[in-house]
Amino acid sequence: MANFYTDVPEIKFELENNPLMQRIVELKERGYEDKDTYDEAPQDYPDAMDSYDRVLDVVGDITANIVAPNAEDVDAEGPHCEGGRVRYASKTYENLDAMTKAGLNGMTMPRRYGGLNLPVTVYTAANEIVSSGDAGFENIWSLQDCIETLFCFGNEEQRRKYIPRVCAGETMSMDLTEPDAGSDLQSVMLKATYDEENSCWRLNGSKRFITNGDSDIHLVLARSEAGTRDGRGLSMFIYDKRDGGVDVRRIENKLGIHGSPTCELVYKNAKCELCGDRKLGLIKYVMSLMNGARLGIAAQSVGLSQAAYNEALAYARDRKQFGKAIIEFPAVAEMIANIKAKLDAGRALLYQTARYVDIYKALEDIARERKLTPEERQELKKYSKLADAFTPLAKGMNSEYANQNGYDCIQVHGGSGFMLEYACQRIYRDARITSIYEGTTQLQTVAAIRYVTNGFYASVIADYESVPCAPQYEAFMARIKAMAGKFNEYTAAVRETADQDFHDICARHLYEMAADVIMCHLLLQNASQAPELFGRSLQVYVNHAEAEIAKHAGWIGSMSVEQLDSYRQK
């Protein structure tokens, strides 16, 4: 029987073959303090890893045998809006029921609230797996991750009220964007007013492009400070669907992810609770929420790339032309090798990012209960910075690769790829949104560019250069070092140009150069441990990265401040 976890050994490798995992588990399990209270709590590190493996085996089984077989029907039917409420496609309910019965909700939440207490890295693997079966359904299921923000910033009464409900299978959404406030969230105008008579907050206004907008529990960004028009007047609120007051005006008619309802919402005096402190909604809480969401989209993107690879490989092996399978033609073989190399490189970046996130989040959680030691404070600072630097790389690059791999998957199918009966067209349509929502690739570049110009990525790359590689891959290390040299050279050249517009137009090129070098190093580390899994992808990806870096270097080298006007459309 198929299993989307055990059938992809690269996922298990990422979980079991990195030295950071032991530290992650120690922090998450707090020295295994739950072992005497909860039967399911692990006794030690091997027991924890075995537990994670078993959970992901269940995720892989449900995805392969329920979610994936339902995907085409869900895509065709889609959700409906009936009387201001969302009704999912019928087989979406089958998917949700299977996940709930298996206890796969509230995955990262502490056991005391009914959660599984899984590290972010393991939850990231689950997201990838589910997305490889149906990215639209993964959108609904993975929004359980919103509970992290409530856990971090809500009070204990709110934690006890809402977290067990999510762990039991209730759904969530984050209600951020509005018709006039997409990426520019400081322009949000949904009004929050305090109702003195009933001692509660009320919400009035509208939201647009809200994924799973008719969920059970919403985190809502709203303007609590009258007369303000910037981010300092925004707060975060919790809306409980049981209290009423929010209707779905319509469900958007989208290109892809059809199973996931994207809603326009109307708030009419809706009762809600303040989450955390006033005025920190955008400045602090949404930033945390968005970073988690961006890691989730990176995982969704890797899942889509895996699906594209699976479909392309299976078709190329089966389809015969001119008396032989088309995979034997070099032009087709090259496309499939490139899909696999981008998949493996992007996955390595995804899990490295998740590991960095795990360490800093676990330390932040501990800091809410006791004072950190000086060593722990340094560790928190280190991994918080690494997570902040790597998240926009993981989200931006993997979403672009999902699009490229979906495109190439259709190309491998030829004319059949343009037909709706093949899954590749759904994968291609679903992938398109990944480089847009939760911050476009352009915004990921904006988030990352300071780590280019301040030399942080260069320092990370230098650290990676000190990691020993297998002797047979020393030539690859030399090539990657040469790429890093070009990245440093052209970063310095751009930095020396005292023109902000010039810096901005070169930013995307430097961002991709940094990401390519980092992914080459991560693949090199993986191939040194498991050449049978990653050796081919290392060779293909280093060839790809060298060409990309030469392209970006050539573009920056030929660009000048005087040419900027040519790029401005009048």
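Note that these values count all heavy atoms, side chains included, but never hydrogens, waters or copies made by symmetry.
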**Study point:** Euclidean distance, Tyr383 OH relative to Ile24 CD1, rounded to 0.5 Å
**Key:** 8.5 Å

Practice item. Please check if the side chain of Thr391 supplies one atom and the backbone of Asp388 the other of a donor-acceptor pair under 3.5 Å. Key: no

Exercise for review: Evaluate side chain to side chain donor-acceptor pair (under 3.5 Å) for Ser173 paired with Ser215, printing each intermediate quantity in order.
Suggested key: CA-CA 6 Å; Ser173 65; Ser215 67; 2.9 Å; yes

Review point. Which heavy atom of Gln300 sits nearest a heavy atom of Ser131, and at what distance?
Key: O-OG, 2.7 Å

Study note, to complete from the structure: Between Thr441 and Gly396 the two heavy atoms that sit nearest each other are OG1-O, 4.2 Å

Practice item. Taking ring-ring contact (aromatic ring centres under 6.0 Å, His included) as the test, write out the residues that go with Tyr437, two or more places apart. Key: none

Revision key, fill the gap. For Ile11 and Ala125, the nearest pair of non-hydrogen atoms, with its separation, is CG2-CB, 3.9 Å

Review point. Do any N or O atoms from the side chain of Asp61 and from the backbone of Asp57 form a donor-acceptor pair under 3.5 angstrom?
Key: no

**Study point:** Pairs touching residues 518-534 that satisfy side chain to side chain donor-acceptor pair (under 3.5 Å), sequence neighbours left out
**Key:** Glu14-Asn526

Practice item. Answer yes or no: are there more than 12 heavy-atom neighbours, outside Arg54 itself, under 6.0 Å from its atom CZ? Key: no

Practice item. Evaluate the criterion side chain to side chain contact (heavy atoms under 4.5 Å, CB included) for residue pair Lys161 and Ile238; output intermediate values, then yes/no. Key: CA-CA 11 Å; Lys161 178 180 178 181; Ile238 306 165; over 6 Å; no

Practice item. State, to 0.1 Å, how close Cys263 and Gly213 come at their nearest heavy-atom pair, and which atoms those are. Key: SG-N, 3.6 Å

Point to revise | Side-chain heavy atoms of Tyr451 within contact of Lys385, under 4.5 Å | key: yes

Check your understanding: How about Met236 and Leu219: do any of their side-chain heavy atoms sit closer than 4.5 Å?
Key -> yes

Check your understanding: Side chains of Ser305 and Asn405: do they bring a donor and an acceptor to under 3.5 Å?
Key -> yes

Check your understanding: Do the non-hydrogen side-chain atoms of Pro261 and Ile140 ever get within less than 4.5 Å of each other?
Key -> yes

Exercise for review: Go through Tyr88 and Asn212 one step at a time and tell me if the side chain to side chain donor-acceptor pair (under 3.5 Å) criterion holds.
Suggested key: CA-CA 10 Å; Tyr88 296 131; Asn212 201 35; 2.6 Å; yes

Point to revise | From CG (Leu190) to CZ (Phe237), nearest 0.5 Å | key: 9.0 Å

Check your understanding: Hey, is the main chain of Phe151 close enough, under 3.5 Å, to the side chain of Arg159 for a donor-acceptor pair?
Key -> yes

Review point. Does any N or O in the side chain of Asp365 come within less than 3.5 Å of the main-chain N or O of Lys361, such that one atom is a donor and the other an acceptor?
Key: no

Point to revise | Parallel, tilted or perpendicular: rings of Tyr285 and Phe153 (30°, 60°) | key: tilted

**Study point:** Donor-acceptor pair, side chain of Asn198 and main chain of Cys200, under 3.5 angstrom
**Key:** no

Check your understanding: What are the two closest heavy atoms between Leu304 and Ala135, and how far apart are they?
Key -> CD2-CB, 3.8 Å

Point to revise | Expected output: side-chain Gln22 to main-chain Pro19 donor-acceptor under 3.5 Å | key: no

Point to revise | Within 6.0 Å of CZ in Arg30, more than 12 heavy atoms from elsewhere | key: yes

Check your understanding: Pairs in or reaching into residues 279-299: which pass salt bridge (charged side-chain N to carboxylate O under 4.0 Å, His left out), with residues at least two apart or in two chains?
Key -> none

Practice item. For the residue pair Val25 and Tyr52, establish whether any side-chain heavy-atom pair is separated by less than 4.5 Å. Key: yes

Check your understanding: Do side-chain atoms of Tyr457 reach the backbone of Tyr511 as a donor and acceptor pair under 3.5 angstrom?
Key -> no

**Study point:** Any side-chain donor near an acceptor of the partner, Asp344 and Ser537, under 3.5 Å
**Key:** yes

Check your understanding: Stepwise, does the side chain to side chain contact (heavy atoms under 4.5 Å, CB included) test hold for Val67 with Glu94?
Key -> CA-CA 8 Å; Val67 175; Glu94 291 183 19; over 6 Å; no

Exercise for review: Go through Glu225 and Arg278 one step at a time and tell me if the salt bridge (charged side-chain N to carboxylate O under 4.0 Å, His left out) criterion holds.
Suggested key: CA-CA 8 Å; Glu225 313 308 307; Arg278 288 171 66 167; 2.9 Å; yes

Review point. Is the backbone N or O of Ile257 less than 3.5 Å from a side-chain atom of Ser260, with the two atoms forming a donor-acceptor pair by type?
Key: no

Point to revise | Audit row: Asp216, Arg165, salt bridge (charged side-chain N to carboxylate O under 4.0 Å, His left out) steps and yes/no | key: CA-CA 9 Å; Asp216 298 300; Arg165 288 170 55 184; 5.8 Å; no

Check your understanding: Do any N or O atoms from the side chain of Arg223 and from the backbone of Val188 form a donor-acceptor pair under 3.5 angstrom?
Key -> yes

Review point. How long is the gap from CH2 on Trp201 to SG on Cys272, to the nearest 0.5 Å?
Key: 8.0 Å

Check your understanding: Heavy atoms, side chains only, cut-off 4.5 Å: are Phe476 and Leu538 in contact?
Key -> yes

Exercise for review: Check the pair Glu400 / Lys342 against salt bridge (charged side-chain N to carboxylate O under 4.0 Å, His left out), numbers first and verdict last.
Suggested key: CA-CA 10 Å; Glu400 293 293 332; Lys342 290 173 184 175; over 6 Å; no

Practice item. Please name the pair of heavy atoms, one in Lys395 and one in Ile297, separated by the smallest distance, quoted to 0.1 Å. Key: CE-CG2, 3.8 Å

Practice item. Inspect the surroundings of NZ in Lys271 and state if more than 12 heavy atoms from other residues, nucleotides or ligands are less than 6.0 Å away. Key: no

Check your understanding: Rounded to the nearest 0.5 Å, how far does CD of Glu438 lie from CD of Gln444?
Key -> 9.5 Å

Review point. Do Ser224 and Ser235 have a side chain donor and acceptor closer than 3.5 Å?
Key: yes

Check your understanding: So Arg85 and Asp214, salt bridge (charged side-chain N to carboxylate O under 4.0 Å, His left out) or not? Walk me through it.
Key -> CA-CA 7 Å; Arg85 302 269 69 86; Asp214 197 27; 2.9 Å; yes

Review point. Residues two or more places apart in sequence or in another chain: which of them pass side chain to side chain donor-acceptor pair (under 3.5 Å) with Gln352?
Key: Arg355, Tyr356, Tyr464

Check your understanding: Taking side chain as C-beta onward, heavy atoms only, is Leu15 less than 4.5 Å from Leu56?
Key -> yes

Review point. Is any side-chain heavy atom of Glu376 closer than 4.5 Å to a side-chain heavy atom of Thr373?
Key: yes

Exercise for review: Any side chain to side chain donor-acceptor pair (under 3.5 Å) involving residues 107-130? Give me the pairs, sequence neighbours left out, ordered by first then second residue.
Suggested key: Glu29-Arg111, Glu29-Asn117, Asp34-Arg111, Thr108-Glu148, Tyr113-Glu156, Thr121-Asp358, Glu128-Arg347, Glu128-Tyr351

Review point. Quick one: does Asp145's side chain get under 4.5 Å of Val120's, heavy atoms only?
Key: no

Review point. How long is the span from the CD1 atom in Ile210 to the CG atom in Asp175, to the nearest 0.5 Å?
Key: 5.0 Å

Practice item. Sequence neighbours left out, what pairs pass ring-ring contact (aromatic ring centres under 6.0 Å, His included) with at least one residue falling in residues 5-25? Key: Phe13-Phe534

Exercise for review: Check whether any side-chain N or O of Lys91 sits under 3.5 Å from a backbone N or O of Ala71 as a donor-acceptor pair, and report yes or no.
Suggested key: no

